Each structure stands twice: as C-alpha cells, then as structure tokens.
Novice: 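Below is a structure I'd like to ask you about.
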Amino acid sequence: MDIEQKQAEHIDYFVKQASNLKGSSLGNLVVEATSHPSLFAFSEIISVPNVLELEGTENAAFLDLLRMFAHGTWSEYKSVASRLPPLVPDQVLKLKQLTVLTLAETNKVLPYDVLIQELDVKNVRELEDFLINDCMYVGIVRGKLDQLRRCFEVQFAAGRDLRPGQLGSMIQTISDWLSTSDNLLVSIQEKIRWADNMSEMDKKHRKGVEERVEEVKKTLSFKKLQTVSRPTPSSEGMKRSFPNMV
C-alpha cells in the first residue's frame, strides 16, 4: 500500500473523529493526529467546522499547533514554542520529518550543514540515521546520501499541505508547465513529420538507385552476350586474307 493511500485512510479516520468532538477533547485528537507515524497531511482535519471553532477559545493553541504541522517546520515551532502546547517525542519526530519535506520542495540537493541546523541533530551520523530510518524507510522521501559532498540528493519527496495563498501560484506553475509541454509536443510532432519526409525521400532515392543499378546490369549483360556470340576468324580465312603467309 503506497503512502498516498495510507494518507487517505488516516485522514478520513481523523476527520470523522474530529466531527464528533468539541472543545478540549479536540486537543487530545490533535496530539494523536500529529503523533501518528503514517499521517503527514492535516488540512482536511483543520477544515472540520468543530476544529475551526477552536479559534479564539482557550483551546486555540491546539488549532495553531495543527496549522504548524500542516505548514511549519521544526525551527519555526521552536521560535513560537512558548505559545504552543509542548510536544511529545513522536510529535518532535513528525515535525522534523515534515521539515525535510519542506526543504525538498525548493531544493533537490540538501547540504548536510543545512539539515543538521534545521533538524537540530548533533552530527552527520545522527543525521544520516534519521534520513535512512525515519524518512527513506518510512517512504516519504527517496534519495542518495553523498558523504563525499556532504549532501542528500532528493529523488522523491511526498508533498505537504498547501499553504494559504499557495494554490494560485501552484495553478500558475501547472499552467506554465502545460503550455511548455504543448509547445514541446508541437516541436516533437514537427520533427517526426520532417523525419518521415526524409525517410520517404530516402526510400525513393534508394529505389531510384536500385533501378539504375539494374539497368546498368542489364546493359552490361547484353553487351557481354554480344561479345561472346560474335564469330572468331578461322585460320583459313586468315590465309586467304594473307596469301603470302606460310
């Protein structure tokens, strides 16, 4: 089962749970959701009316925490930690995993130094263990650890929740990509037509050459037959032509 299918199942579960809870009881659900080892998307939970009703209440910090897991990073959490509920170890791990996904959105080559700082790990060994065991093995990223260059080359990274206002820019990016793809497709089709025309011309030329070769062969064969069938002068004929010869 791939990560997208797992996400859909877990999101559906937490959305249904959130729809049946109110007030402080939603705080426990937020902790459970943000601690879940296979859940990395939270926008659908945030959009549940009961969850949105936490805004402006004494439990609003749990809504802010949910938004942090939807869009934020570990370093961003640390900067406002005093205004948010403290995290349990599983939440810390999850937010660091999400931080890797955020970094991979804009750069497919992540320097170790940047990762060590953003993830708050002690050394390269701890960083590589985290990337292997808690990211690649989980399936949220694929890539190559380059110890020589001290970087992580990202080949695949799961997407995070869209930030407010990000949908418009994403639509524009997709539109630009589609336009570029259409232009590329037209260019490829033109090259295919050109190649087909050249192939057809080549076939005609080859056929013409082959026909010419056959004509030359026939001409040579005819001349050869004429040479072979021509009579050779006899010795008597030569005597008559040259009577003084003994």
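The structure displayed is predicted, hence computed values, not measured ones. In what follows, residues are counted from 1 in the order of the sequence shown.
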Novice: Do any N or O atoms from the side chain of S79 and from the backbone of E76 form a donor-acceptor pair under 3.5 angstrom?
Specialist: yes
Novice: Roughly how far, to the nearest 0.5 Å, is the CG atom of L93 from the CD atom of Q97?
Specialist: 4.0 Å
Novice: Does this structure show an ion pair linking R212 with E215, if we count only N-O contacts that are shorter than 4.0 Å?
Specialist: yes
Novice: Out of curiosity, S43 OG to D161 CG, how far, rounded to the nearest 0.5 Å?
Specialist: 3.0 Å
Novice: Do we get K94 above F69's six-membered ring, with its NZ or CZ under 6.0 Å from the centre and within 45° of the axis?
Specialist: no
Novice: Can you name the residues that form a side chain to side chain donor-acceptor pair (under 3.5 Å) with E53, not counting sequence neighbours?
Specialist: K22
Novice: With a 4.0 Å cut-off, would you call K96 and D120 a salt bridge?
Specialist: no
Novice: Please list, chain by chain and in numerical order, all residues satisfying ring pair (Phe, Tyr, Trp, His ring centres under 6.0 Å) with H71, sequence neighbours excluded.
Specialist: none
Novice: Any idea which heavy atoms bring A33 and I45 closest together, and the distance?
Specialist: CB-CD1, 4.2 Å
Novice: Output all residues satisfying salt bridge (charged side-chain N to carboxylate O under 4.0 Å, His left out) with D202, sequence neighbours left out; order by chain, then residue number.
Specialist: R206
Novice: For R150, enumerate each residue passing the salt bridge (charged side-chain N to carboxylate O under 4.0 Å, His left out) test, keeping only those at least two apart in sequence or located in another chain.
Specialist: D113
Novice: Same cluster for L29 and V88 if Ile/Leu/Val/Met/Phe/Trp/Tyr side chains link at under 4.5 Å?
Specialist: no
Novice: Measuring from Q7:CD to I140:CD1, what's the distance to the nearest 0.5 Å?
Specialist: 9.5 Å
Novice: Using the test ring pair (Phe, Tyr, Trp, His ring centres under 6.0 Å), find all partners of Y77 that sit at least two apart in sequence or belong to another chain.
Specialist: W74
Novice: So, does D146 use its side chain to make a donor-acceptor pair with the main chain of C151 at under 3.5 Å?
Specialist: no
Novice: My understanding is that only residues two or more places apart in sequence, or in another chain, count here; which of them pass side chain to side chain contact (heavy atoms under 4.5 Å, CB included) with L52?
Specialist: I46, R67
